[in-house]
Structure formats: structure tokens, C-alpha cells
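Chain identifiers are assigned alphabetically (A, B, ...) following the order of the sequence lines, protein sequences preceding nucleic acid strands; residue numbering begins at 1 within each chain. Note that the structure is a prediction, hence the values are computed from the model and not measured. Computation of the quantities below employed the complete heavy-atom set of this structure, encompassing side-chain atoms and omitting hydrogens, waters and symmetry-equivalent molecules.
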Amino acid sequence: MNPVVNSALNTTIDPGMAPVATPFFFYLLAGLAIAGGVFVITRRNSVHSALALIVTLLSVAGLYLMLYAPFVAATQIIVYAGGIMVLFLFVIMLVNIERVSKERRFNRIWPAGVSAACALMALFVFAFVKGKALFPDRLMTLRESSNTQEIATMLYGERGKMGQYTFGQYTFTFEIASLLLLVAILGAVIMTKKKM
Amino acid sequence: MNAPTNDGTQDVSKRWLSEKPYLDSNELIINMGPQHPATHGVLRVILKLDGERVLGTECVIGYLHRGVEKIAENRTYAMFNPYVDRMDYVAAVSNGLGYCEAVEKLLNVEAPPRAKYIRVILTELNRIASHQLWLGTHALDIGAMTPLFYTFRDREEILKIFERYCGARLTTHAFRIGGCQYETYAGFEKDVKKFLTFVAPKIDEYEALLTTNRIWMERTKNVGVISAADAIALGVTGPVLRASGVKWDLRKAQPYAAYSDFDFEIPVGTKGDTYDRYLVRMAEMRQSLGIIEQAVNVIPEGPIMAKVPKVIKPPVGEIYHSIEAPKGELGYFIVSDGSTQPYRLRVRPPSFVNLQALDIMVRGLLVADVVAVIGTIDIVLGEVDR
Amino acid sequence: MLNFVMSYLGSTVTPGQAGNQFWALIYVLIIFAGVSVAVVAMNWIERKALAHFQIRLGPMRVGPHGLLQPIADALKLMLKEDIIPAEADQFVFWVAPLIGLLAAFAVYTVIPFGPSQAVSDMNIGILFMLGVSSLGALGIVVAGWASNSHYPLIGALRSTAQMVSYEVAMGLAVVSAVLMTSLNSTGTGTLSMIGIVQAQQQQGIWFIFKFFPLGLLAFVIFAIAMIAETNRAPFDMAEAESELTAGYHTEYSGLRWSLFMLAEYAAMIAVSSIAVTLWLGGWMRPFPNLLQAPAWQFTFSLFPGLTFLGLAAIAGFGTARMPAHSFFRIQRIGLGVFASLLGSIALLLLLIAVAGRSADTSIAARFSEGIDYVYWFVLKVAIFMYLFIWYRATWPRYRFDQLMRVGWKVLLPISLGVLIATAIVGVIIS
Amino acid sequence: MVPITTFHYLVVAAALFVLGVIGVLTRRNVVIVLMSIELILNAVNLNLVAFSRMWGNLNGQVFSIFITVDAAAEAAAGLGILIAFFRNKETINVDEIDLLKW
């Protein structure tokens, strides 16, 4: 399904008072997300890293709002921050053994891990530098407007499009996703059940 | 899955071993310590838990032991009378009745009919007061705050009558060996009648609040079940026994004081769970009202004190006399060696015996139910520890 | 700058939508001040009403009829020593109440007190509300963990499990209400809260009465889940005194503990205002479509003034009944001042209502219309608050496994059934 | 300040992705490893939404929701295994989990 370029995108929209995705907010949220990510990896106490992950999730949700994806942002808050993180905190508390926090955090071969990650980073940089030419310039700059509602409809057509997509074209994927969830629930229950 | 179906008496040594929990989950031994809002006094219950389920309990008592029985051995019979009120301080009047009747039996003296009627009226009033206090605290343990205030407001009326009659509200010391100490004050019958009309609708209020309350039923139905066989095996008496279906009430089985003159039924439960005990006690309150009503109209005239020598020296011998206290069968076993002081005085308190049933009732329940079951057995630690 | 401020005055759109940060900030301040006052009032009303349920008087000593009791409590909590348990997580211990507060107060940015009286009208209003209320569970888990002692941890795990399981039933009930909004001509429903109330106005029926049994059923499910969500009344397993001391906030004391209480009350108000918006037609006065005649319009606009007049009369009667003894002199003055304050508010409201009626386009008309919206909304929320207290007085407490059983085996299937039934009926009718 | 372009979002997503990979490779605590995987999936989501915004259609956003669903399922299953394992072996260190059947 080739991506149809939305012709309306090219018309300049009067930016109105203060566009939503001001650079200041973007850098703030991006910085929070990355800082949270770093804390998740480095913290000794797993509850601290869980809280850092929550900070990352909420700031990424903020980024989604800047990308005019309110539905995804709300799902992220509900499913990720509200659901999965509660699950993580539950398990951290149930598996609360003091010994873990005393032990070494990083395994002995951590230099190998870090070097692999650096190689990956180099790959990304290479891809970005080389690939920059592929994207037409006009697509890269994102039109901004103060009224999220107005630009969202401009971008994705009138309201309710989200529903048509999820249940229209992607019905099959939707069924598989529900099947996946069912399997996950069954697996989790069977593994954690104490007495049969 | 509640109480395990054991055959009659239980061999204590095998009790802990038989409970091999699946997959060595770390059992938790926690103390429901002496200072716990729901243990009605200083009772320590050691709970053996598997997660939330109770595997077994061990009651540690004695925090309130004052050695009342030893003190009795160097007190004269009349001097010991006030001690008796301090045992089950919630139902002090029936303690006094039990003790005085036991000594009268020893002296084979008969209290005059007027004294008997006054004794019956005061004991039944005390039964209602004791049940009201039980209902208030029991409901509070399960979470319902309001019944506590309703029951205490109505209990206040009874305590007023006691105060006018014998000067004390709780530890009344109202009876003497051989009869009653005080003649009934001028408006006694009027007060009691006024109380009867006052409290009857109030009991309906308690019932309205709790009996058909879905959450109350959910918290009490099939909780702390004890079968009739277990109850008899453990010697449990009183409302706990009657709720398991055994129709045994000393006021009917071995009538004492003037109970044979009145007709009243014995409320009996079927399943022996907390809800049945609740129903039995509520019905008992209504029966007590009936008894008082019959008694208050026909109090016979005449003396209130039998001819009893100034210094009581009962003949050598021993007797056992028991009455139906609000919690169960309260018995006095007195051995007299002819002197003015009893050689040995043994009290059979109902709460102490009923407490044994806690372990059977609570096996397999959750921690929240332990609180409800302690409430439903209605124990008073003063009586358990003596 | 000035025209930036004035330009918004005429518009009939929420400040968030109009992109006017200045007025959005003012709306936020007004709403948060209002909620704090409501929490203080709720504290007093809860203690007094609970007391009168239990045939006692409640606080009478601090101020006339205990009116200054909440302030005294707040002061006491501020002065109390703020104990942090030994080797507890300092940072996590400090963050936990804040997460709880964030979750409780963030919902208010979405709640519509009137067509244009809301901080911002997100087009994912309800979804945002569900998301933020699920954050509340995080605050409690972390609080239980940070207190570093056995019982608060169990209390925290229990209340979180309870909140998470009732959130599912709550979500489904909300979905069935949102489904009803899509039965208008265009066929596309809306998630925005203002849109939902306008849909109710358009369809001329509160959603609680729509497709008769279904709307009511969904409402009842939401009402039950709402109580469990805020750990109140029959579901207050966390603070079951008889077993686990005081649940997750045992180790907290002083101001930190009062933050939890503030969060709990704010969550109660938030959740009941969502119920009002979804099922009881938010800011709409009763029978907006039937009784259109200006005479009716006027009578309904008098209601706010009359209620305050009633309150003033009660307070006045209270002062009159106060015994003449010199000890009561200060209390009598205090109550008199309070009564006169209420009376003046009542007069002001009546004046605005009358002025509003005469000149239609004048500021007074818009102002009195605004007051009506907020009044009816707050009245409905107040009724819910009273229900919370009523439940606390009468119901005993559910045991934890019964509580989970009701959540999963009773509420969830019924809410699923209601959702499917609403969909089917909706398809058949439209 | 140069206006925000999709490129900025890609860089942020890449950074999160790398952090996740470091977390997975170096940390010994299984819970942290699972969290790093969540980080990686989040980075992927951010990329998808950024491109969906750039191309102006909803495919990216819809797909990111499916990824969130998958992340939830993965977290549930992963933590299930963790608890089952912890109950037997009393340890949650990645190095010591080297048996296929315990």
C-alpha cells in the first residue's frame, strides 16, 4: 500500500498563536525520555528504574501528542504506564530479595555489550547521514498549528478515521492481536499458579 | 473446605504434621498479638498462614489472669461475692446469680419467690445488654460502624436501671447469698416496662441494618462452621452450641431461679456458621424480652432475703451448680471443709471452653475471617483468664 | 498582550481549544481552588453526616458546629512531625504521594463544568481520564513499597489489585456510554467530554435513561466500580483496621499523610463528576428541551440563589437556637457571620439571575447562564458525595477475595453484556 | 531554533533503542532486562508514529497500537516465567538461569 502523500500537507497553514510542537517542549520531553532511559539501565534498586521507565513512558506519550497522535498517547498512558508498569512493580515487590541489590549490577562481559551497542549506534548514524537525501525536504518539515483538532482532521481526514483503519483494513491484524493477548494471559496464569 | 472432617476428638500431636502444604511455600507464622483491635481484650492468637489461608491457630491466654480462684480460698463466702462480677464483666449479674445459687445449694437454703423473680428479671436484662455489646463489636470488626452506636445507646437504658437498683452499672454485686440485697426501688416495674416498649423496635432496627444486608451475609454465611458433633466433643455451650443445631439451654434443661414459671422457646440454628449464631443471639434477645414481660407483671410480694446465718459456714461437702450465662454454661464447683472459707472454688467459664472451638472453626479460612470468628464466639478475656 | 487576554472573552470555546494559555491558567487555578474548597467542605460534611447517621453529634467544639474543624485538622497535620521510616527509600517515599496527587488532579483538566467552562476540551477526554486514573494505582504501590514494612506492603498490593481489576469494569461501562453518543445523525460518536454532554442535549435524553435498562445498568456498574476505584466504603479493604493497621499510608504522617487524604477526596470528586458527565447530563438543567419557555428558563435560573438562601436560613436558625450562655457568644457570632455570608451570596445570585433575564445579550445574561451550568453540575456531584458517606455508614466491609470475585466475576461479565446489548440496540434503532 | 523535523524524532527513537540494547546486554537482573525490552519497543513505536505523521496517514499509528498490545503480552509472559523461576531457584540473575528444564 504505497503511502499516499497528503496534498494538503504542502499548503502553509497559518501557525496561529503558539504551535503545539514548540522546539522547547520537544527538547524537554526528548531529554526527559533519554535521561529516564539512562536511569532505567544504571539504577541499582529496581523500583527506582521502574519509576525512571514511567518517566520515559510519559514523556514519550508527550511526544506522541506533539505528533498529533492523541489516541496513541492515551493508549500508551493506559496500557504502558497504568497497566504494564503496575505489573512490573507488583513483580518487583513479590520477588523482593535483598540479595539482588547487593550484587554486581552489570555482568562481567559488559564491555562486549557496550561495544556492540556503539556499533549499532554507528550504523544508525550512517543510515541517517546517507538516508537524509532520500527524504524530500518538504516532507521532513512538519506543519504546525495551534489547534490540534484542526490539524489532525487536516492530516488524517475527519474524526472516526482511526476506527475505520483499525477495524476496516486491519481487522485481521486486530484478531491476531487479541489471540496473542489470550495466549499471554493463559501462559502467565499457568506459570504462576501455585496449586493446580 | 472449611473445618476438616475429622472423626470426633482430634489427636493434637498429628495436627501440625497432617497439614503438609503443597510446594514448600514459605508458611508465615504471625501473631495476632495481645494488642489487637479485634481480639476483644488481651488474647494472643498465633496464626500459621499459607499466604492468606489459615493453616492452624494457637491461642495464648493468661494476660488477664488474676488468680481469682486462689483468692477465693482465703475469702469468706460473702466477701468473695464482688470478685465474681469481675470475671465476665459484661454479664456481671449472671455471674453473681450463679455464685449465690451455688452457695445456697451448699447451705440448702431456698431464696424467697420475690427474690427469685427479681433475679430472673435482672439476669435477662443483663443477657440483652451482653448480646447488644456483642453485636456492636462484632459488626464493627466486620466493618459496619453504625450498629455499634445503636446498640450502645440502647444498652445505656439497661445500665440506668441497674444503677438505680444497686448503685453500679457494670459490676453490679446485686445479689447476696440467700436472696437480694435491695428491695426494688419505687419505679422499678415502670422503668422496666418503659424499657421493654423502648427496646423492642430498636432490635428491629439492628435486624433491618444487618440481617438482609448482602455484604453482611456474604461475610458471615458459611464462615467459621462448627458441626454439632465437634461442638459437643469440645464442650462448647451457649448460643455457639445452639447455632449448630443442639437444642440445649440450662434455663429449660435444669431450671433454676424462677425460670420454670415462664414459657419461652430456645432458638436453634442449623448450619452452625457465623450467620446462624447471629440469628440465634438476636432471637434470644427477643425471648429475654418475653421473659421479662411475663415476670415484671407478677412479681410476688414477700421477703427478699431467706434466713441465712450471719456467718456462713456451709457443711463439709462439694457441689457443682451451673446456670445459662449469655455466653454459655457458667458453672461453680465449690468444695467446703466446714470453715467460713471455701476449701476450693472452681469456675467453669463458658468463654474459656468456647475459645477451644476457634481452631476448628478457623481452619482453612482467611485472616479477615479469623477476626469475624473471634467476634462470633463472643469471648470476654476476664472470664477466659480468671 | 491585553488584546490577547480580551480576545478570549467573547469566544464560546474552552481556553485550551482557543489556544489561550493565559485563560487556561486562570481556569486551572479556579478549578483547583474550587476542588480544594470542596475537599475541605467534604471533610466537614463527612464527619458531621457520618456522626448524625450514628446518632452522635460529630465535631462541635472547634468553631460553631465544628465548622473550623477541617482548618484545625489541616493545621495539626502541618505541625505534626514528618516521620520517615528507617532505611526507607527517601526519594520513593517522597514521590509516592505526589504521583497520587498528580493522578487525582490531572483528571480535572478534562471535566466540563459548562459548554465553555473547562480547562481544555481534548478530543480524547474520556480516554485521558481512564489513563490518568490508572496512574493512581502506581502511587499506592510505590507508597506501600517505600514504607519498608510488612503490613503497608500487603495493604498496597491489595488496594492496587483492587483498583486494577475494577478499572476494567469501569472502562467497559464508560465505553457503553460513549457508544450511545454515536447514535446521532452523523453516526460518529465522540470521546470528548463536552461532546458527550452535547450529544445528550441533542438526543434530548440523559444516558442513564437511554435504552431504558442498559443505560441504568452501565451507570450502576460505573457507580460500584467508582467506589472500589477510590478505596471507599464497602471496598475499603486497604484500611481494614481490624487486620492490616491502616493500609499503604500507615508509615506516613503529618503533611505527607494529608496529601494522600487530599488525593483520595479529589479522586472521589473527579470520579463522581465523570459519572455525572457521562450519565446524568453534566451541566444541563433538568428538562432543558421540554421546558423551553422563558418563564421556565427564569425559574430554573433562580435555583442557585434559592439554594444559598436555604443554607443561609439553616445557618440563621442555628444561630437563633444557640443557647444564650456567654460561653456560646463567640460561636454565635461566628455562625451569624457565616449565615450572613451565605445570605449575601444568595442575594448576589438572585440579582444576577434577575438582571440576566431582562437584558438578553448583556454580560449578566452570559454570567448567570455560566452560574447555572456550574450550579447544576456541582449539585449532581454533591449528591454523589452524599452517597459515598451513606455507603460508609451502612455497609460492612467486603473480604478481599469476595471483593475480587465481585470485580471479575460479577461486574465484568455484566458490563460486557451491557456493552454488546447497547451496540445491538443502537444498530437496530439508528 | 530550527523547526522540528521528523529527523529529530528518529534520533530520539534511535537513542532510546540503543539504551534498551545496552540494558539488555549488560544488566544481570531479569526485571531490568524486561524493562529494557519495553524501552526498545517504545523506541519502535516512536519511529512508527513519527513516520505516520510525516506521510500523513494513520497506518503508523494503528500499527503502533498493535505493538503496544504485543509489549503488554510479552511483559505478562516474561514476568510469569520470572515468578515461576524465582519460586524454584530463589534467584533472578540472568547468568544463573542456564537450565532449560528445572
Side-chain angles (χ1 to χ4, degrees), chain A residues 3-4 6 9 21 23 26 30 33-34 37-38 40-41 46 49 53 60 63-64 67-69 72 75-76 79-80 83-84 87-88 91-92 94-95 100 105-107 110 113-114 116-117 120-121 124 128 139-142 155-156 161-162 165-166 170 173 177 180-181 184-185 187-188 191-192, chain D residues 1 3-12 14-16 18-23 25-29 31-32 35-36 38-39 42 46 49-50 52-59 61-62 64-66 68-77 79-84 86 90 92-95:
Chain A
V4 59
N6 190 322
L9 198 58
F26 169 76
I34 294 172
V38 168
V40 165
I41 303 169
S46 34
S49 55
L53 187 57
V60 167
L63 289 176
Y64 290 157
L67 288 165
Y68 299 102
V72 177
T75 331
Q76 162 107 343
V79 172
Y80 259 111
I84 299 179
L87 193 64
F88 267 107
V91 168
I92 292 172
L94 289 180
V95 157
V100 168
R105 277 174 298 173
F106 303 100
N107 47 31
W110 65 270
V114 170
L120 184 69
M121 191 65 198
F124 281 145
F128 286 154
L139 281 185
M140 290 299 278
T141 53
L142 303 172
L155 271 174
Y156 310 119
K161 200 94 178 315
M162 193 75 184
Y165 261 75
T166 343
Y170 290 93
T173 345
L180 177 73
L181 275 179
I185 293 169
M191 271 179 283
T192 47
Chain D
M1 294 270 266
I4 304 299
T5 65
T6 324
F7 185 73
H8 291 76
Y9 290 103
L10 299 190
V11 168
V12 172
L16 282 180
V18 166
L19 283 172
V21 165
I22 295 175
L25 294 180
T26 53
R27 280 302 290 251
R28 296 184 70 217
N29 182 344
V31 176
I32 306 293
M35 280 193 210
S36 325
E38 294 297 326
L39 256 180
N42 239 321
L46 188 58
V49 175
S52 133
R53 165 75 173 82
M54 191 182 87
W55 292 111
N57 54 34
L58 278 176
N59 299 345
Q61 290 191 16
V62 167
S64 78
I65 289 178
F66 289 143
T68 313
V69 162
D70 163 68
E74 179 263 337
L79 291 171
I81 296 173
L82 176 77
I83 289 182
F86 170 71
E90 294 290 336
I92 51 168
N93 273 342
V94 176
D95 310 344

Q.
If I compare all heavy atoms of D:Gly20 with all of A:Ile41, which pair ends up nearest, and what's the gap?
A. N-CD1, 4.5 Å
**Q.** Stepwise side chain to side chain contact (heavy atoms under 4.5 Å, CB included) check, D:His8 with A:Leu63
**A.** CA-CA 11 Å; D:His8 291 76; A:Leu63 289 176; over 6 Å; no
Q: For the residue pair A:Phe26 and D:Val12, establish whether any side-chain heavy-atom pair is separated by less than 4.5 Å.
A: yes
Q: Answer whether the closest heavy-atom distance between the side chains of A:Ile34 and D:Leu19 falls below 4.5 Å.
A: yes
Q. Pick from A:Leu181, A:Thr75, A:Ile185: which one has the most heavy-atom pairs with chain D under 4.5 Å?
A. A:Leu181
Q. What part of A:Val38 lies closer than 4.5 angstrom to a heavy atom of chain D: side chain, backbone, both or neither?
A. both
Q: Please report the shortest heavy-atom distance between A:Ile84 and D:Glu38, naming the atom on each side.
A: CD1-OE1, 4.0 Å
Q. Which residue out of D:Leu16, D:Asn42, D:Val11 racks up the most heavy-atom pairs below 4.5 Å with chain A?
A. D:Asn42
Q) Which distance, rounded to the nearest 0.5 Å, do you find between the OG of A:Ser49 and the CZ of D:Arg27? A) 6.5 Å
Q: Identify which part of D:Glu74 has an atom lying under 4.5 Å from any heavy atom of chain A, answering side chain, backbone, both or neither.
A: neither
Q: Please flag which part of D:Ala15 lies under 4.5 Å from any non-hydrogen atom of chain A: side chain, backbone, both or neither.
A: side chain
Q) In terms of heavy-atom proximity below 4.5 Å to chain A, should D:Ile32 be classed as side chain, backbone, both, or neither? A) side chain
Q: Could I get the full list of side chain to side chain contact (heavy atoms under 4.5 Å, CB included) partners for A:Ala184, not counting sequence neighbours?
A: D:Ala73
(Q) Show the nearest heavy-atom pair for residues A:Ala69 and D:Gln61, with the distance to one decimal. (A) CB-NE2, 3.2 Å
**Q.** Largest heavy-atom contact set with chain A, pairs under 4.5 Å, which of D:Leu25, D:Leu46, D:Thr26
**A.** D:Thr26
Q: Answer with side chain, backbone, both or neither: which region of A:Phe88 has an atom nearer than 4.5 Å to a non-hydrogen atom of chain D?
A: both
Q: Please flag which part of A:Leu87 lies under 4.5 Å from any non-hydrogen atom of chain D: side chain, backbone, both or neither.
A: both
Q | Toward chain A, the part of D:Val69 with a non-hydrogen atom under 4.5 Å | A | both
